[in-house]
Amino acid sequence: MSNKVHLGHTARKRFGQNFLTDSNVINRIVGAIAPDNDHVMVEIGPGLAALTEPVAESIDKLTVVELDKDLVERLKTHPFLKDKLEIHQGDALKFDFNQLVEEGKQMKVFGNLPYNISTPLMFHLFEFAEHIENMHFMLQKEVVLRLSASPGTKAYGRLTVMAQYFCQVMPVLEVPPGCFTPPPKVDSAVVRLVPYKNKPWPCKDVDLLRHLCTTAFNMRRKTLRNNLKQMLSDEDFASLNIDATKRPEQITVEQYVAMANLVIDKRNG
């Protein structure tokens, strides 16, 4: 691997850039991503190509979405990558990932995500879940803990419910600050998200599920009955066999979907 690419680019605070430099960790992440030519391989925010180079090595084409124009120019002239990359310069949060879909191929999406956009970006990608085989993201460790949390734990919240509604969530490995330049002030971790092809608990209106979760978790210390009284009555909770005196973090994803579906049925009643 040539290190020349890394010279002369200063990490920019405003893009939340911390570049991954530990080759052992890089190899393990690439192993988890398992690049192949049977999928449309998509990287979000390639940065200085720490993951881009080893992933591209074993495949014919890699699609990247990068906001930073300087980095896009660098990738376009990169001696090894320039012939393999399809580069989209722009904001991944606004990007239409449907345009990358190829006949008969699912996408594998990966990236070392800037902390400030990780949650909205995951929600954006969930909209394209039917086209995605899996996603591997480097995130703040606490975000990975929230994504993979179980009911009854402190990390369990709105993000948990929505992510686990769409995907199976599996932590892959922890990545300490020393693996990056400059070292971030937080621990990082890699998570694997595998969108369900058939959701175990389908919701009739995902926006309503999101609204219900936001409302429920707004006041974590209060009971479900308190937080959701505008939406559900005691009779509603009883009909779903849900204990309304529990706190929001004690309620399973399946139960949240059941509540949302009941609200929708009442509305359409």
Side-chain angles (χ1 to χ4, degrees), residues 32 113 115 118-127 129-130 132 134-175 186-267:
L113 300 186
Y115 297 143
S118 59
T119 302
L121 183 60
M122 281 185 284
F123 279 112
H124 180 56
L125 282 159
F126 293 155
E127 293 172 30
E130 66 192 287
I132 297 175
N134 58 42
M135 300 181 265
H136 287 85
F137 294 128
M138 171 95 70
L139 300 163
Q140 255 174 302
K141 183 176 154 185
E142 59 135 350
V143 177
V144 172
L145 292 175
R146 277 162 49 202
L147 289 169
S148 56
S150 306
T153 60
K154 219 162 67 181
Y156 187 85
R158 181 187 80 109
L159 179 62
T160 320
V161 175
M162 295 310 301
Q164 294 182 17
Y165 170 73
F166 284 104
C167 304
Q168 260 180 301
V169 181
M170 288 158 276
V172 178
L173 77 156
E174 294 188 11
V175 186
V186 294
D187 282 325
S188 305
V190 176
V191 70
R192 174 188 288 130
L193 303 169
V194 182
Y196 289 114
K197 291 306 168 218
N198 297 299
K199 293 190 184 64
W201 318 289
C203 186
K204 299 169 186 180
D205 179 346
V206 175
D207 286 335
L208 191 119
L209 176 64
R210 190 173 290 151
H211 172 62
L212 183 132
C213 288
T214 304
T215 310
F217 283 102
N218 261 348
M219 294 179 287
R220 293 181 66 99
R221 312 201 72 79
K222 295 200 169 177
T223 63
L224 269 193
R225 175 185 286 128
N226 251 330
N227 289 346
L228 295 176
K229 58 179 179 278
Q230 304 300 321
M231 300 170 87
L232 293 162
S233 67
D234 282 353
E235 294 74 39
D236 293 333
F237 285 117
S239 74
L240 294 171
N241 225 354
I242 292 173
D243 179 352
T245 65
K246 286 188 167 176
R247 288 184 178 175
E249 72 264 24
Q250 297 173 295
I251 303 298
T252 65
V253 178
E254 184 176 7
Q255 289 173 314
Y256 274 109
V257 174
M259 289 189 284
N261 283 338
L262 182 63
V263 172
I264 293 156
D265 290 345
K266 286 195 338 184
R267 188 179 289 174

Tell me whether Gln164 contacts the main-chain N or O of Ala149 through its side chain, where contact means a donor paired with an acceptor under 3.5 Å. yes
Nearest heavy-atom neighbours spanning Val191 and Val172: C-CG2, 4.1 Å
Leu224 side chain near Tyr256 side chain, heavy-atom distance below 4.5 Å: yes
Is a side-chain N or O of Thr160 found less than 3.5 angstrom from the main chain of Arg146, in a donor-acceptor match? yes
Is any side-chain heavy atom of Met170 less than 4.5 Å from a side-chain heavy atom of Val194? yes
Could you give the distance from CG (Leu121) to CZ (Phe137), rounded to the nearest 0.5 Å? 5.5 Å
Nearest 0.5 Å, please: how far is CG in Leu208 from CE in Met259? 11.0 Å
With side chain to side chain contact (heavy atoms under 4.5 Å, CB included) as the criterion, how do Asn226 and Met219 come out once you've worked through the C-alpha distance, each side chain's angles and the decisive distance to 0.1 Å? CA-CA 9 Å; Asn226 251 330; Met219 294 179 287; over 6 Å; no
Evaluate the side-chain proximity of Ile132 to Leu193: yes if any heavy-atom separation is below 4.5 Å, no if none is. no
Note, Gln255 side chain near Pro151 side chain (heavy atom, < 4.5 Å): no
Can you say whether the rings of Phe166 and Phe126 are parallel (under 30°), tilted (30 to 60°) or perpendicular (over 60°)? parallel
After noting the C-alpha distance and the side-chain angles of Met135 and Cys167, does the key distance pass the side chain to side chain contact (heavy atoms under 4.5 Å, CB included) rule? CA-CA 10 Å; Met135 300 181 265; Cys167 304; 4.2 Å; yes
The reported gap from CG in Asn134 to CD in Gln168 (rounded to nearest 0.5 angstrom) is 11.0 Å
When rounded to the nearest 0.5 angstrom, what distance separates CZ in Arg158 from OG1 in Thr119? 8.0 Å
Do Pro200 and Val257 have side chains that get closer than 4.5 Å, going by heavy atoms? no
For Lys197, I'd like to know if atom NZ has over 12 heavy atoms of other residues, nucleotides or ligands within 6.0 Å. yes
Could you tell me the separation between the CE atom of Met162 and the CG atom of Leu147, rounded to the nearest 0.5 Å? 12.5 Å
Side chain to side chain donor-acceptor pair (under 3.5 Å) filter on Ser188, not counting sequence neighbours, yields Tyr115
Give a yes or no answer on whether the side chain of Tyr165 reaches the backbone of Leu209 with a donor-acceptor pair at less than 3.5 Å. no
With a 4.5 Å limit on heavy-atom distance, are the side chains of Met138 and Val175 in contact? yes
Minimum heavy-atom distance Ala216-Asn227, with the two atoms named: O-ND2, 2.7 Å
Quick one: closest heavy-atom pair of Thr223 and Ala244, and the distance? CB-O, 3.5 Å
So how far is it from Phe217 CZ to Ile251 CD1, rounded to the nearest 0.5 Å? 8.5 Å
Which pairs, with at least one residue in residues 203-220 and sequence neighbours excluded, count as a side chain to side chain donor-acceptor pair (under 3.5 Å)? Lys204-Asp265
Going by side chain to side chain donor-acceptor pair (under 3.5 Å), name the pairs with one or both residues in residues 228-241, residues two or more places apart or in two chains. Arg225-Asp234, Ser233-Glu235, Ser233-Asp236, Asp236-Lys266
Could you check if a side-chain atom of Asp243 sits within less than 4.5 angstrom of a side-chain atom of Gln250, using non-hydrogen atoms only? no
May I ask you to decide if Pro202's main-chain N or O and Asn261's side chain share a donor-acceptor pair within less than 3.5 Å? yes
